[in-house]
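The structure under discussion appears below in the form of structure tokens.
Numbers for residues simply follow the sequence, beginning at 1.
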Amino acid sequence: MSDVTRTPTDLTQHSGTQGGIGASTLRPDGTLKVTGEFAYASDLWHEDMLWGFTLRSPHAHARIRSVDVSAALATAGVHAVMTHDDLPAATRYGLEIQDTPVLADGVVRHHGEPVALVAADHPETARRAAAKIVVDYEQLPVVTDERTATADGAPVLHPDRTDPHAAHVPHPNVVHRQPVVRGDVAAARARADVIVTGEYEVGMQDQAFLGPESGLAVPAEDGGVDLYIATQWLHADLRQIAPVLGLPEDKVRMTLSGVGGAFGGREDLSMQAHACLLALRTRRPVKIVYNRFESFFGHVHRHPAKLRYEHGATRDGKLLFMACRIVLDGGAYASSSPAVVGNAASLSAGPYVIDNVDAEALALYTNNPPCGAMRGFGAVQACFAYEAQMDKLAAALGLHPVEFRRRNAMAQGAVMPTGQVVDSPAPVAELLRRVKALPLPPQRQWESAGGVTDVRALPGGLSNTTHGEGVVRGVGYAVGIKNVGFSEGFDDYSTARVRLEAVAGEPVATVHTAMAEVGQGGVTVHAQIARTELGVARVTIAPADTRVGSAGSTSASRQTYVTGGAVKHACEAVRERVLERGRARFGTYHPAWASAELLLEDGKVVTDGGEVLAALVDVLGEEVIDVEREWRHRPTEPFDLRTGQGFGHVQYSFAAHRAVVEVDTELGLVKVVELACAQDVGKALNPLSVTGQIQGGTTQGLGLAVMEEIVVDPVTAKVRNPSFTDYLIPTILDTPTLPVDVLELADGHAPYGLRGVGEAPTLSSTPAVVAAVRQATGLALQRVPLRPEHLTGT
């Protein structure tokens, strides 16, 4: 990676305490993870535990005539078998809309839907017993796309839906629809000198986290249950699980266990309720760990999309209008599709100033696998399309792709198509300038001075398909805009409890939140905030659980912003109590205690001029200061359902990419040589972690560009490739050099001026790679992921 460029921001930071904000503090879990010693949820163990297994539907749409579990129950070692008829209370759940059956409720709506549960004393016994369950299915017609979902006489997949979106959609198989209308597109179209159109398609990407879904449910003496689980949102799980179990929330106690990646795929329930149900039925601890095959069926995926765009511009390169229609496949259940629709519609114009917009986004119910949250959350699909359009317009006008984008780039004060004013830095042109200015990698880098070919640097790599014949280089650019935090009026808050005490003559802070650490580095940042605000060296991060208030989801690039804000807020309250105690104890001895500008630094109370007033441990004495606080960002509002107008997003983030590729035009193979990124992060609380997030998001976008897709049979709606044998993700050999240029322009609305980081690079990396391949081949390439047949015409 390249050196990180950091533009200073005017922030309150107590630089005297080591390891505070702005430092590249190492992650406490990092060494354990790379050495294999970290305890993940799949490592959970209880002495007398049973193993759970899920029987899943082999059909995408079928009516269940009968279920015979007698043979499974008769299997030695089996302790329980459960179907829909055995559920004790609520039979459905859902993040926003409660439309997902805990176990199939007489109808299965997608391939792999859970039908029955088995608990046994060995995982193989549970699997074999599940295979003995006899289910009589009557197959039903499948709905797989917009045509089959909205045709006359199409099967209505949720005929009893009562959710708030039901009254505002054109067909019951439409989950949600959001238009965004601004200006006069018809008049602008008449004035345009150049008009380009395009139809684009984005395949179904999987989060492909390496740690499978897993957890351990332990029944408690009070009739409740303790669940140890890998998740993204403890309190959302709790809100959905408790009604299914028929228990009050205080009897369902949840503790976060080690999470092996998430990227949105753990925001919905998978095996949480199933493990608890089996544990309460058997009165024994029950562990469930999905194998890789099950994992592909056990969580939601990125919405595949079909997008149609039209743009018009003047001869001098000024964008006049944009019209688009975005159709997202939500699969069998709603999950977070309504919010994904809102993102896709509101961000459909990209980071450009366009006064006249007519956009529509909608999500469908189909019999395809359920889709929901994944890194980028609706903005990824839109970015692929609008960036392809920018390249088309630049070519039609004879402009460099970066220059055309620069002429239309959004800046602070710009008005979004939703009418929202961008009231924090939006350095789109500067990011493009920076990424373009980075030095290019050398040509024909596979050749050494002696003319020897290093096949690892060529398309096809170690398969030795070429020595450079027919290999062409391409360079492409893209830039994207992503919202940060939950939007559209959602009460997006977090809770933090901070404790400060003297231990063995040293001040020690403990930070307790329900934030799910899924690899983003939140535990590191929270300790940095506590060190900065409380001036202590020792900080303990308590395990995340539901004994403290909600931290919201580890998604939407929000945790450092919102839970970091809560930790800061709680630390400020603790600091004020420390100073109050100090004034009471020592105020009569030194007049400086009356000053409002007292700080905690290096374990001491100091004035803003640096004068030491007392040691922190002397102020604390035997007292323990323990404070819990909630923190919210500024409120947002729902988009108008007719026009899409409204202050819908709390913050925007921006990233730009330049991709350099080598393409074997004969075999249709692509080697991404370099994928450089420039991104504004507001404030890098931990520069090393920020760079890692940008490189990780970039790599996930690379995967969508050239290899990652869940393939669903268009006739049967069955998944064809539920394994890492057939679903490919980038390995270290596929990952190119990833230079990162970080810009820090503070957002005055955010704690420390920070800006969410993790998602924006996932947007623009995909279209940048495809733009580079287009330049190398001259092909239109309107679908991702790219396949060899797209590049060779075969």
Side-chain angles (χ1 to χ4, degrees), residues 1-15 17-25 351 409-414 422-438 479-485 520-522 524-529 531-533 557-565 567-568 633 649-658 676-698 738-765:
M1 81 189 165
S2 71
D3 291 337
V4 175
T5 302
R6 303 181 63 201
T7 304
T9 51
D10 182 17
L11 301 167
T12 302
Q13 180 175 342
H14 315 320
S15 58
T17 301
Q18 297 298 313
I21 61 169
S24 287
T25 306
M410 180 181 292
Q412 186 167 352
V422 179
D423 58 1
S424 62
V428 178
E430 174 64 10
L431 294 175
L432 285 162
R433 185 196 68 77
R434 285 179 175 236
V435 80
K436 184 175 184 291
L438 291 171
V479 61
I481 178 174
K482 175 68 178 65
N483 65 306
V484 172
Q520 82 278 14
T524 311
V525 168
H526 291 175
Q528 291 178 261
I529 292 172
R531 292 190 194 103
T532 296
E533 298 298 332
S557 304
R558 63 176 291 281
Q559 280 292 8
T560 301
Y561 191 136
V562 184
T563 303
V567 172
K568 181 176 186 289
H633 56 62
H649 299 305
V650 66
Q651 188 189 61
Y652 296 99
S653 60
F654 306 89
H657 277 88
R658 183 192 67 195
C677 180
Q679 183 168 341
D680 173 28
V681 304
K683 169 64 181 176
L685 270 60
N686 186 313
L688 182 63
S689 181
V690 162
T691 301
Q693 282 288 296
I694 293 171
Q695 292 177 327
T698 296
L738 302 170
V740 174
D741 189 354
V742 172
L743 182 63
E744 294 184 87
L745 299 178
D747 178 353
H749 305 285
Y752 305 113
L754 68 86
R755 195 182 303 276
V757 172
E759 291 179 284
T762 311
L763 274 64
S764 47
S765 49

query = Looking at Tyr752 and Lys683, what are the two nearest heavy atoms and their distance?
reply = O-CB, 3.2 Å
query = Distance from His649 atom NE2 to Gln651 atom CD, nearest 0.5 Å?
reply = 12.0 Å
key: Shortest non-hydrogen contact between Val428 and Pro351, atoms and distance   = CG2-CB, 3.8 Å
ask   = Between Leu738 and Gln695, what is the shortest heavy-atom contact and its length?
value = O-NE2, 3.0 Å
task = Output yes when a side-chain donor or acceptor of Ser764 lies under 3.5 Å from a complementary backbone atom of Val479, and no otherwise.
result = no
note = Residues at least two apart in sequence or cross-chain that pass side chain to side chain donor-acceptor pair (under 3.5 Å) with Lys436, listed by chain then number, are none
remark   = Output for pair (His526 NE2, Thr524 OG1), nearest 0.5 Å, gives 9.5 Å
key: Validation row: Leu743, Glu430 side chains within 4.5 angstrom (heavy atoms)   = yes
task = Could you tell me which non-hydrogen atom of Gly756 sits nearest to which non-hydrogen atom of Ser653, and how far apart they are?
result = O-CB, 3.5 Å
task = State, yes or no, whether a side-chain contact exists between Phe654 and Lys482 at a heavy-atom distance under 4.5 Å.
result = no
Thr563: side chain to side chain donor-acceptor pair (under 3.5 Å) partners, not counting sequence neighbours = Ser494, Gln559
inquiry  = Between Gln528 and Asn686, is there a side-chain donor-acceptor contact under 3.5 Å, judged purely by atom types and distance?
reply    = yes
key: Check: Ala684 main-chain N/O paired with Glu744 side-chain donor or acceptor under 3.5 Å   = yes
ask   = Looking only at heavy atoms, what is the nearest atom pair of Ile694 and Cys677, with distance?
value = CG2-SG, 3.6 Å
ask   = Does some side-chain heavy atom of Glu533 sit less than 4.5 Å from a side-chain heavy atom of Lys568?
value = yes
task = Could you tell me whether the side chain of Val690 reaches within less than 4.5 Å of the side chain of Gln679, counting heavy atoms only?
result = no
key: Close side-chain approach of Leu685 to Thr560, heavy-atom, < 4.5 Å   = yes
ask   = Which heavy atom in Gly565 sits nearest to a heavy atom in Pro751, and how many Å separate them?
value = CA-CG, 3.7 Å
task = State, yes or no, whether a side-chain contact exists between Asn483 and Val650 at a heavy-atom distance under 4.5 Å.
result = no
task = Write out all pairs satisfying salt bridge (Lys or Arg N to Asp or Glu O under 4.0 Å) with one or both partners inside residues 745-756, taking only residues at least two apart or from two chains.
result = Asp680-Arg755
remark   = For Ser765, the side chain to side chain contact (heavy atoms under 4.5 Å, CB included) test, sequence neighbours excluded, returns His657, Leu675, Thr698
key: Listed partners of Thr762 passing side chain to side chain donor-acceptor pair (under 3.5 Å), at least two apart   = Arg375
Listed partners of Tyr652 passing side chain to side chain donor-acceptor pair (under 3.5 Å), at least two apart = Gln420
ask   = Rounded to the nearest 0.5 Å, how far does CD of Glu759 lie from CD of Gln693?
value = 10.0 Å
